[in-house]
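Everything below concerns the one structure shown next.
As the structure lists them, so they are numbered: ligands from 1, and atoms in each ligand from 1.
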Amino acid sequence: MSDTKYTAPHMMLHWLIAVLVAIQIAFAGGMEAAFDAKFEGIEIGLGWSSGAIFHAILGASIGILMVWRLGLRLTTQIPPPPEAPRLIQTVSRMTHWLFYGLLIAMPFAGAAAWFIPSQIVGTAHAIASKLLIALIILHIAGAAYHQFIAGDRSVLRRMLAR
Ligand code: HEM
Ligand code: HEM
């Protein structure tokens, strides 16, 4: 494995989690509806029909995969950061660690909101999801900047097998 690339397990987890998170965000509506119904006295539950169970299982899976990935990140070598101004390097590092923090904490907050049940914790979970979306946009913009504007195609290749 070249020292200019992430390891294969890290890449596999990166792309798998990216797809699962995109699905989780796109299909959160069922969970939102079920959660609202709880507070209107219509208990539709974590039933298959509401889509809430899908959100709960997928969300918990993302959390577990992210813990696995964090373990990998802390115990294996990653390539040195790409050439970039100091500020960009700091923002990029912060974005990465916030991804780990959010994607591990969000399943707990979501579960707490559902089972307590608590509208305040639900709102915190929803706010975290907005922050997550902002970070994803920033992260993709960063990758696109390196690839298409700075012309440094080696950055995206760090996360690609070839
Ligand atoms: C990393 C994993 C997760 C992500 C990325 C995620 C993402 C989201 C998103 C995007 C929303 C819609 C927020 C909005 O616009 O109002 C949402 C709502 C919600 N999620 Fe999750 N979720 C995750 C895990 C979970 C888990 C495991 C549960 C619990 C079983 C859960 C319970 C809820 C609840 C109760 C709401 C409704 C909150 C409200 O409307 O105030 N989530 N989630
Ligand atoms: C939900 C979507 C995504 C999440 C949560 C995510 C998360 C992450 C995290 C946490 C890292 C840092 C890995 C580490 O050092 O531990 C990373 C690196 C990276 N991601 Fe993503 N990512 C997502 C989507 C994408 C997409 C769509 C692209 C490409 C357009 C991309 C390209 C990259 C690249 C090139 C790196 C390596 C950056 C470097 O070495 O400095 N990611 N991603």
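Protein heavy atom closest to atom 35 (C) of ligand 2, with residue, atom name and distance, is V155 O, 3.4 Å. Annotation: atom 4 (C) of ligand 1 to nearest protein heavy atom, Q24 CG, 3.5 Å. Closest protein heavy atom to atom 7 (C) of ligand 2: F99 CD1, 3.4 Å. Scanning the protein for heavy atoms near atom 14 (C) of ligand 2, the closest one is R73 NE, 3.2 Å. The nearest protein atom to atom 26 (C) of ligand 2, hydrogens excluded, is given as W15 CZ3, 3.7 Å; this is a heavy-atom distance. When only non-hydrogen protein atoms are considered, atom 34 (C) of ligand 2 lies nearest to M159 CG, 3.6 Å. Summary of contacts: the protein heavy atom closest to atom 38 (C) of ligand 2 is H96 CE1, 4.0 Å. Protein heavy atom in closest approach to atom 36 (C) of ligand 1: M31 CG, 3.5 Å. At the shortest separation from atom 30 (C) of ligand 2 among protein heavy atoms lies A143 CB, 4.0 Å. If you check which protein heavy atom lies closest to atom 37 (C) of ligand 2, you get Y6 CE1, 3.7 Å.
Ring geometry, H139 versus H96: the interplanar angle exceeds 60°, so the pair is classed perpendicular (tilted spans 30 to 60°). Ring-plane geometry between Y6 and H10 is classed as tilted, the angle between the planes lying from 30 to 60 degrees on a 0 to 90 degree scale.
Atoms of ligand 2 found under 4.0 Å from any heavy atom of H10, numbered from 1 in the order shown, are 13 (C), 14 (C), 16 (O). Residue contact check: A56 has heavy atoms under 4.0 Å from atoms 27 (C), 30 (C) of ligand 1. Atoms of ligand 2 lying under 4.0 Å from any heavy atom of V21, numbered from 1 in the order shown and given with element: 1 (C). Atoms of ligand 1 found under 4.0 Å from any heavy atom of G122, numbered from 1 in the order shown, are 38 (C), 39 (C), 41 (O). With ligand atoms numbered from 1 in the order given, ligand 1 contributes 9 (C), 10 (C), 11 (C), 12 (C) to contacts under 4.0 Å with heavy atoms of A28. Counting the atoms of ligand 1 from 1 in the order shown, those under 4.0 Å from a heavy atom of L103 are 1 (C). Counting the atoms of ligand 1 from 1 in the order shown, those under 4.0 Å from a heavy atom of L132 are 5 (C). Close approach of ligand 1 to M106 is summarised as follows: ligand atoms under 4.0 Å from at least one heavy atom of the residue are 4 (C), 5 (C), 6 (C), 7 (C). Listed by number with element, the atoms of ligand 1 under 4.0 Å from a non-hydrogen atom of S129 are 9 (C), 10 (C), 13 (C).
Restricting H14 to its N, O or S atoms, the one at the least distance from atom 21 (Fe) of ligand 2 is NE2.
Judged by the shortest distance from any of its heavy atoms, R157 lies outside the 4.0 Å radius around the atoms of ligand 2. Residue contact check for ligand 2: I17 places no non-hydrogen atom closer than 4.0 Å to it. Residue P82 places a heavy atom less than 4.0 Å from ligand 2.
Of the candidates H125, E32, K38, Q119, the one placing a heavy atom closest to atom 6 (C) of ligand 1 is H125. Of the options R158, R69, H139, the smallest heavy-atom separation from atom 32 (C) of ligand 2 is shown by H139. When F35, F115, F27 are ranked by how near their heavy atoms come to atom 39 (C) of ligand 1, first place goes to F35.
Neither the backbone nor the side chain of L102 comes within 4.0 Å of ligand 1, counting heavy atoms alone. Heavy atoms of I140 found under 4.0 angstrom from ligand 2 belong exclusively to the side chain.
Between K130 and ligand 1, at least one N/O pair is under 3.5 Å apart.
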